[in-house]
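Just dropping this structure here.
One-based numbering along the sequence shown.
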Amino acid sequence: MVALNSRFLLGKYREAFLVDGKGENPVKAIFTLMLKFGLIDGLLTASEDGNSPRLILKAEDVEIPVRNTCFGVNSLLKKAVQKYRLSRLAVFGPACTFDGLNKTQYFGIGCNWTKTAVALKVSFLCPGVLTDTAFLSEVVDITGKRAGVSRFYFQKGELRYQLKNGEEVAVPPALHHRYVNSACRYCLNMAGKGTDLTAVYLKEVNRALFIVRSERGLSTLAQIQRNSPSSLQFRKAGKEDVDELLSFLKEKVLLNISDIIERVELGLPVPKWNDNKLRKFYRIWNSVDVNSEEEVF
């Protein structure tokens with residue numbers, strides 16, 4: 001059986017940086033600066049609450065999802081490329097967003113108009129997405145009180161919510177697993193393997209951990225720092241800053257694998273998985289010699 005180590009859970013990466021946004025969410029600040037300096041011509045993401053897709057063309061209009069919910073992002077992809085003729089598009093969302101995007105780019109589904117249009121792929125480390133109703137139910141289960149979720153973040157490897165009433169609560173992985181969308185229970189790529197950058201929200205709103213996976217991601221951060229050296233503060237993250245995420249990822253992945261195996265044994269279809277992908281999963285799960293990495297295109 002393949003070891004559930006850093007390589008499996010987080011994937012390969014080049015560098016990791018702790019980024020201070022100087023009073024602003026650094027993920028939002030990076031996209032704002034990229035639009036301001038013409039490094040991209042559009043941002044495809046979701047609204048701050050994650051409930052609706054956004055195609056953003058101006059730096060002053062930038063917003064990003066801060067809850068672990070993000071729906072319909074790729075629904076605006078065709079509009080971005082065919083109507084607005086964008087050729088340097090950045091995309092921000094959970095890993096499943098890029099599962100769909102990679103299919104359109106590299107597997108013949110509309111590849112003629114998306115293959116060269118995406119300039120940067122940025123994911124957030126996703127513990128599994130929820131609907132508004134699921135958020136409310138989960139918070140009641142944890143606290144016994146009804147309250148909305150304003151944002152999610154990781155603190156010392158633990159998933160936490162900041163509630164709209166100001167309270168902050170820890171979210172146990174096993175309980176969280178019961179409330180996430182059904183497809184999220186069969187995902188093995190919460191860390192965004194196959195993207196250029198993975199952003200990890202931290203307790204302080206103005207700080208985030210960036211896991212750099214590709215040369216394109218590293219070059220983008222370098223250009224931002226060169227164009228506006230005073231806007232963001234970059235500090236190389238220690239190995240412990242990245243590794244503290246592994247305990248949560250391991251527990252959640254084991255829960256997901258348990259659900260996958262249960263459905264296979266019952267002869268039920270597995271959302272997000274086709275027969276070929278299931279065979280690959282079994283080879284990975286039962287062998288240490290199979291390369292489980294997602295490619296960065």
**Message:** Rounded to the nearest 0.5 Å, what separates atom OG in Ser123 from atom CG in Leu197?
**Reply:**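 Rounded to the nearest 0.5 Å, the OG-CG separation comes to 8.0 Å.
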**Request:** Without swapping roles, check the side chain of Arg216 against the backbone of Ala119 for a donor-acceptor pair under 3.5 Å.
**Result:**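 Such a contact is found between Arg216 side chain and Ala119 backbone.
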**Prompt:** In chain order, what residues pass the ring pair (Phe, Tyr, Trp, His ring centres under 6.0 Å) check against Tyr179, with sequence neighbours excluded?
**Reply:**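 By the ring pair (Phe, Tyr, Trp, His ring centres under 6.0 Å) rule, Tyr179 matches no residue at all.
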**Prompt:** Among all residues two or more places apart in sequence or in another chain, which pass the salt bridge (Lys or Arg N to Asp or Glu O under 4.0 Å) test with Asp132?
**Reply:**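 Scan of Asp132 (salt bridge (Lys or Arg N to Asp or Glu O under 4.0 Å), adjacent residues dropped) gives Arg67.
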**Heavy-atom closest contact (Ala16 atom, Leu209 atom, distance)** =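 Closest pair (atom of Ala16, atom of Leu209, distance): CB-CD1, 4.3 Å.
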**Item:** Pairwise side-chain contact, Leu249 with Leu125, heavy-atom cut-off 4.5 Å (strictly under)
**Value:**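 SC-SC contact between Leu249 and Leu125 confirmed.
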**Message:** Taking Ile224's backbone N and O only, do any of them form a donor-acceptor pair with Ser228's side chain (distance below 3.5 Å, no angle check)?
**Reply:**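 Pair absent, no side-chain N/O of Ser228 close to backbone of Ile224.
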**Asked** Residues sharing Leu255's hydrophobic cluster, by side-chain heavy-atom contacts under 4.5 Å among ILVMFWY, directly or via others?
**Response**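 Leu255 clusters with nothing; isolated.
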**Prompt:** Can you find a side-chain donor-acceptor pair between Thr198 and Arg213 that sits under 3.5 Å?
**Reply:**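 Yes, a side-chain donor-acceptor pair sits under 3.5 Å.
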**Asked** Does Phe8 have Lys193 sitting over its ring (NZ/CZ under 6.0 Å from centre, angle to axis within 45°)?
**Response**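 Yes, a cation-pi geometry holds between Lys193 and Phe8.
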**Message:** To the closest 0.5 Å, what do you measure between CG (Leu55) and CG (Leu77)?
**Reply:**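 The CG atom of Leu55 sits 9.5 Å away from the CG atom of Leu77.
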**Item:** Sub-4.5 Å side-chain heavy-atom contact between Val73 and Thr97
**Value:**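 Yes, their side chains come closer than 4.5 Å.
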**Prompt:** So do Thr69 and Thr131 actually touch side chain to side chain, heavy atoms under 4.5 Å?
**Reply:**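 They are not in contact (no side-chain heavy atoms under 4.5 Å apart), so the answer is no.
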**Item:** salt_bridge(Lys121, Asp196) N-O dist < 4.0 Å
**Value:**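 Not counted as a salt bridge, because no side-chain N and carboxylate O are separated by less than 4.0 Å.
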Only distances under 3.5 Å count here; give the side-chain donor-acceptor pairs of residues 25-33 to other protein atoms, sequence neighbours excluded, each with its distance to 0.1 Å.
unit_1: Asn25; atom_1: OD1; unit_2: Val27; atom_2: N; d: 2.9
unit_1: Asn25; atom_1: OD1; unit_2: Lys28; atom_2: N; d: 3.4
unit_1: Thr32; atom_1: OG1; unit_2: Lys28; atom_2: O; d: 2.9

**Request:** For Arg151 and Lys203, indicate whether the former's side chain and the latter's backbone hold a donor-acceptor pair under 3.5 Å.
**Result:**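 Yes, because the side chain of Arg151 sits within donor-acceptor range (under 3.5 Å) of the backbone of Lys203.
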**Asked** What residue pairs, at least two apart or across chains, pass ring pair (Phe, Tyr, Trp, His ring centres under 6.0 Å) with a residue in residues 200-238?
**Response**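 For residues 200-238: Phe152-Tyr201.
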**Request:** Please confirm whether the backbone N or O of Ala237 pairs with a side-chain atom of Asp241, one donor and one acceptor, at under 3.5 Å?
**Result:**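 The answer is no, because no donor-acceptor pair under 3.5 Å joins these two groups.
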**Asked** Val205 and Phe124: same hydrophobic cluster, using ILVMFWY side-chain contacts below 4.5 Å?
**Response**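 Each belongs to a different hydrophobic cluster.
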**Request:** Mind listing the closest non-hydrogen atom pair of Phe98 and Val122 along with its distance?
**Result:**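 Residues Phe98 and Val122, closest heavy atoms: CZ-O, 3.2 Å.
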**Asked** Is the side chain of Asn206 donor-acceptor paired with the backbone N or O of Asp20 at a distance under 3.5 Å, no angle test?
**Response**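 Side chain of Asn206 to backbone of Asp20, a donor-acceptor pair under 3.5 Å: no, none is there.
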**Message:** Holding to side-chain hydrogen bond (donor to acceptor under 3.5 Å, both in side chains), I want the full list of residues that pass it with Gln233, two or more places apart in sequence or in another chain.
**Reply:**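 Counting only residues at least two positions away or on another chain, Gln233 forms no side-chain hydrogen bond (donor to acceptor under 3.5 Å, both in side chains).
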**Item:** Full working for side chain to side chain contact (heavy atoms under 4.5 Å, CB included) between Asn256 and His177
**Value:** CA-CA 8 Å; Asn256 288 11; His177 184 72; 3.0 Å; yes
**Asked** In Å, rounded to the nearest 0.5 Å, how long is the span from NZ of Lys79 to CG of Leu44?
**Response**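 Spacing of NZ (Lys79) from CG (Leu44) equals 11.0 Å.
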Let me have the donor-acceptor pairs involving side chains of residues 85-95, under 3.5 Å, with sequence neighbours excluded, atom names and distances please.
unit_1: Arg85; atom_1: NE; unit_2: Gln82; atom_2: O; d: 3.4
unit_1: Arg88; atom_1: NH1; unit_2: Gly38; atom_2: O; d: 2.5

**Prompt:** Okay, side chain of Glu63, backbone of Glu48: is any donor-acceptor separation there less than 3.5 Å?
**Reply:**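 Yes, Glu63 side chain to Glu48 backbone: donor-acceptor pair under 3.5 Å.
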**Prompt:** Does the His176 side chain pair with the main chain of Pro127, one donor and one acceptor, at a distance under 3.5 Å?
**Reply:**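 Yes.
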**Message:** With heavy-atom distances below 4.5 Å as the criterion, would you say the side chains of Leu221 and Gln225 are in contact?
**Reply:**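 Not touching, per the 4.5 Å side-chain cut-off.
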**For Glu167, salt bridge (Lys or Arg N to Asp or Glu O under 4.0 Å) partners two or more places apart** =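 Salt bridge (Lys or Arg N to Asp or Glu O under 4.0 Å) list for Glu167, sorted by chain: Lys145.
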**Sequence neighbours excluded - side chain to side chain donor-acceptor pair (under 3.5 Å) pairs with any residue from residues 33-45** =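 Found none.
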**Request:** Report whether Tyr186 and Val180 are members of the same hydrophobic cluster (ILVMFWY, side-chain heavy atoms less than 4.5 Å apart, transitive linking).
**Result:**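 They do share one cluster, since a chain of ILVMFWY contacts under 4.5 Å joins Tyr186 to Val180.
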**Asked** Can you find a pair of side-chain heavy atoms, one from Asp243 and one from Glu240, that are under 4.5 Å apart?
**Response**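 No, side chains not in contact.
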**Prompt:** Under 3.5 Å, is there a donor-acceptor pair between the side chain of Arg185 and the main chain of Asp259?
**Reply:**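 No, the answer is negative, given that no donor and acceptor are paired below the 3.5 Å cut-off.
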**Side-chain touch Leu18/Lys236, heavy atoms, less than 4.5 angstrom** =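 Side chain of Leu18 against side chain of Lys236, heavy atoms only: no contact under 4.5 Å found.
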**Request:** Start with the C-alpha gap between Arg178 and Asp141, add the side-chain angles, then the distance that decides, and say whether side chain to side chain contact (heavy atoms under 4.5 Å, CB included) holds.
**Result:** CA-CA 11 Å; Arg178 300 206 300 265; Asp141 204 338; 3.2 Å; yes
**Item:** Pairing of Arg160 and Glu158 as salt bridge, 4.0 angstrom limit
**Value:**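 Answer for the salt bridge query: yes.
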**Message:** Counting C-beta onward and ignoring hydrogens, is there a side-chain heavy-atom pair between Leu163 and Val139 closer than 4.5 Å?
**Reply:**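 Of all side-chain heavy-atom pairs linking Val139 with Leu163, at least one is under 4.5 Å.
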**Message:** To the nearest 0.5 Å, what is the distance between OG on Ser219 and CG on Leu39?
**Reply:**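 These two atoms lie 9.0 Å from each other.
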**Request:** Answer yes or no: is there a donor N or O on one side and an acceptor on the other, between the side chain of Lys22 and the main chain of Ser230, under 3.5 Å?
**Result:**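 Indeed, once roles are kept as given, a pair shorter than 3.5 Å links the two residues.
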**Prompt:** Shortest non-hydrogen contact from Ala46 to Cys70?
**Reply:**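 Nearest pair, atom of Ala46 first, then Cys70: CB-SG, 3.6 Å.
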**Those residues that, when tested against Glu138, pass salt bridge (Lys or Arg N to Asp or Glu O under 4.0 Å) (two or more places apart)** =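 Not a single residue meets the salt bridge (Lys or Arg N to Asp or Glu O under 4.0 Å) criterion with Glu138.
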**Request:** Apply the test side chain to side chain contact (heavy atoms under 4.5 Å, CB included) to residues Val212 and Tyr13: give CA-CA distance (whole Å), side-chain angles for both, the deciding distance (0.1 Å), then the verdict.
**Result:** CA-CA 6 Å; Val212 185; Tyr13 62 93; over 6 Å; no
**Message:** With rounding to the nearest 0.5 angstrom, report the NZ to OG distance, Lys164 to Ser150.
**Reply:**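 Output value for this atom pair is 7.5 Å.
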**Item:** Heavy-atom pair of closest approach, residues Gly157 and Ser247
**Value:**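 The answer is O-OG, 4.4 Å.
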**Item:** Tyr153/Tyr161 aromatic ring centres below 6.0 Å
**Value:**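 That pair fails the under 6.0 Å test.
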**Prompt:** With hydrophobic residues grouped by side-chain heavy-atom distances under 4.5 Å, do Val140 and Leu175 end up in a single group?
**Reply:**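 No, no single cluster joins them.
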**Prompt:** Who else is in the cluster with Phe71 when I, L, V, M, F, W and Y are joined by side-chain contacts under 4.5 Å?
**Reply:**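 Val129, all in the cluster of Phe71.
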**Message:** If I take atom CG from residue Leu43 and atom CD1 from residue Ile56, how far apart are they, to the nearest 0.5 angstrom?
**Reply:**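 Answer rounded to 0.5 Å: 4.5 Å.
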**Item:** Side chain proximity check, Gln155 to Leu202, heavy atoms < 4.5 angstrom
**Value:**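 Heavy-atom side-chain distance check fails, nothing below 4.5 Å.
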**Asked** What pairs with Glu244 under salt bridge (Lys or Arg N to Asp or Glu O under 4.0 Å), at least two apart in sequence or on another chain?
**Response**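 Scan of Glu244 (salt bridge (Lys or Arg N to Asp or Glu O under 4.0 Å), adjacent residues dropped) gives none.
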